[in-house]
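What follows is one structure encoded as structure tokens, with my remarks underneath.
As the structure is a prediction and not an experimental result, all values here were calculated from the model. In each ligand, atom 1 is the first atom listed, and ligand 1 is the first ligand listed.
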Amino acid sequence: MAQKTNWFENAVVYQIYPLSYMDGNNDGIGDIPGIISKLDYIKDLGATAIWFSPLYASPWKDYGYDISDYRAIHPAFGTMEDFDRLMAECKKRGLRVIMDMVLNHTSDQHAWFREAIADPNSKYRDYYIIRPGRKKNGKLLPPTNWVSCFTGSAWARIDGTDDFYLHLFAPEQPDLNWENPAVRDEIVDIMRFWLDKGVAGFRFDVFNLWSKVYPLRDDRGLLRLQKGSSFFVDGPRMHEFLRELNTRVLSEYDTYTVGESYLPDPEHAHRYIRRESGELDSIFDFAHLTSDNLFGLKFIPKPFDLLRFKLGLLGPQIKYFATGWNTLVLENHDCVRSVSRFGIKTEQYRYEAATFLALITFMGWGTPFIYQGEEIGMTNADFTSMDQLKDPVSHFVFDTMTKTFRFPRGLAFRLIRCGARDHARTPMQWDDGVNAGFNAGETPWQCLNSAYPEINVRRDLNAERSVYRFYQQLLAFRRENPVALRGETRLHLPKSRRMIVYSRELEGRRLLIVGNFSARSRKFRLPSGFHATRLAVRLTNYDRQLLRREMTLRPYEAIVFEEI
Ligand code: NOJ
């Protein structure tokens, strides 16, 4: 049993989507040598750990979230020697490494699945969830009516047979059968393999789908948006499976685990991270990122709702405080860029909004997760046609909209563009040179964002108003301020539809975080109990010297006050 130091409570995690970060060998695809060349940049920002989206061997039907060999590095990213060098270079700089673990499903090209399909008597058959179809009026129907998270039936027929396999994502991502102890043995071994290489923890992809309700049956919930979800979200053995991973492997190392949750039930969400549960250290809860779309359906935009955002961002901080640990997230490889959403007039207020969002998010309680490019205020791309979008989900949804719901193609494209994951996956913008400095000229796998001549690392670092330098200041302030790290969060002005105001409090010391989430100047009055004469401005994205009980905050102005 290793001593658990909870190092993650002081950590700042930077997420890299390897395909799009830095292409060292100029083949159009980011790679490990490219990443190594940028480690100083990441360290200087103030990050202390890096989470890598999947680096493993994969046919890339879902760009690495379909793993064909959990112990191999994708050749386009480099070799295992490159990975070992990456580990060593990270270690030199005090950066810990967090690996993405995709354990709900494998690729259909994984040796287990290939064997399972080739030989019905193979032991690997039971590594997956395979069932005979149902015959009805001479037709063969899938075993249940469950719907995949990527649209369409969650079952695919095995060629030449009447059997189907379950895939909660793309058909090339067959779900693993966690009921089978042999599958869990394999998973434990895989995790040990990476921990022995020195990785410090894991991000578990859609972890709360691992356990399903058996026997499998139709979902008769009439109002349920996604048929089957009540049988595969937070399933009956979830807590047990997580505890098992801890007992059998995680507890032997000083690790950090963060589970990416899929629409979790709040009670389960709390149990997953409660310290005494021995399950996960934290989860990603994306509730605040549904504040400008309908029920989290990214492609159906709706006017930004600040009340919902505040509840989503601050609710877990209040609810989980002291019983577990929290994460703070604005972006990842599945989201649109934060400065291009929430009703923000990006052209006019990009710097203000990028710094505002960073301040109000990362001054909260929990570990900050910063997604590549967020630290220079990268924006959504101006895609003009479906062929520019490489994400299979954009195409699945487009097909569903145009074929099943008969939306005109133009409308479907505009809706896809609102929520496409592709926005986050354009190459990182390093400078205004060839291919934005991503490589030496080979066409990148995903087209560039045409804003790169104006928005890039070199320009931002030299600008008077630099988003990167603001992040540096913010992270440095957090690092040195125990109240920012450990203080309890309290929401003020909960009903305000324009202002976000909260305090953090630790042993009688207080910080007050104030932000005007709008493009108009707003009058703001200090909440009761706070006095202008006893507050000092510690960080702000505008110049502010004047402090009164009542102040006017400019568009997207955000301030951290400290009580003195
Ligand atoms: C969540 C990942 O973040 C996403 O990119 C992926 O498509 C799904 N899980 C399926 O693995």
For the residue pair Tyr468 and Tyr41, is the inter-centroid distance of their aromatic rings smaller than 6.0 Å? yes
Provide the number and element of each atom of ligand 1 under 4.0 Å from a heavy atom of His105. 10 (C), 11 (O)
For the pair Trp60 and His74, name the ring-plane relationship: parallel under 30°, tilted 30 to 60°, perpendicular over 60°. parallel
Check ligand 1 against Glu260 and write out every atom of the ligand that is under 4.0 Å from a heavy-atom position of the residue. 1 (C), 3 (O), 9 (N)
Any idea how His105 and Phe169 line up, ring-wise: parallel (<30°), tilted (30 to 60°), or perpendicular (>60°)? tilted
Within the 4.0 Å heavy-atom cut-off, what Lys61 brings close to ligand 1 is neither
Note: ligand 1 atoms sitting under 4.0 Å from heavy atoms of Arg425 are 5 (O)
Assess whether a salt bridge exists between Asp108 and Lys61, defined as any Lys/Arg side-chain N lying under 4.0 Å from an Asp/Glu carboxylate O. no
Identity and distance of the protein heavy atom lying nearest atom 6 (C) of ligand 1: Asp62 OD2, 3.3 Å
In terms of ring plane angle, is the pair Phe8 and Trp325 parallel, tilted or perpendicular, where the classes change at 30° and 60°? perpendicular
Anything under 30° is parallel, anything over 60° is perpendicular, the rest tilted; go ahead and classify Tyr70 against Trp112. parallel
Close-contact set for ligand 1 against Asp334 heavy atoms, below 4.0 Å: 1 (C), 2 (C), 3 (O), 4 (C), 5 (O)
Starting from atom 1 (C) of ligand 1, locate the nearest protein heavy atom and write down its residue, its atom name and how far away it is, to 0.1 Å. Asp205 OD1, 2.9 Å
Which one holds for Phe150 and ligand 1: side chain close, backbone close, both close, or neither close, with close meaning a heavy atom under 4.0 Å? side chain
At a 4.0 Å threshold, what atoms of ligand 1 neighbour a non-hydrogen atom of Arg421? 4 (C), 5 (O), 6 (C), 7 (O)
Charged N-O contact under 4.0 Å between Asp62 and Arg421: yes
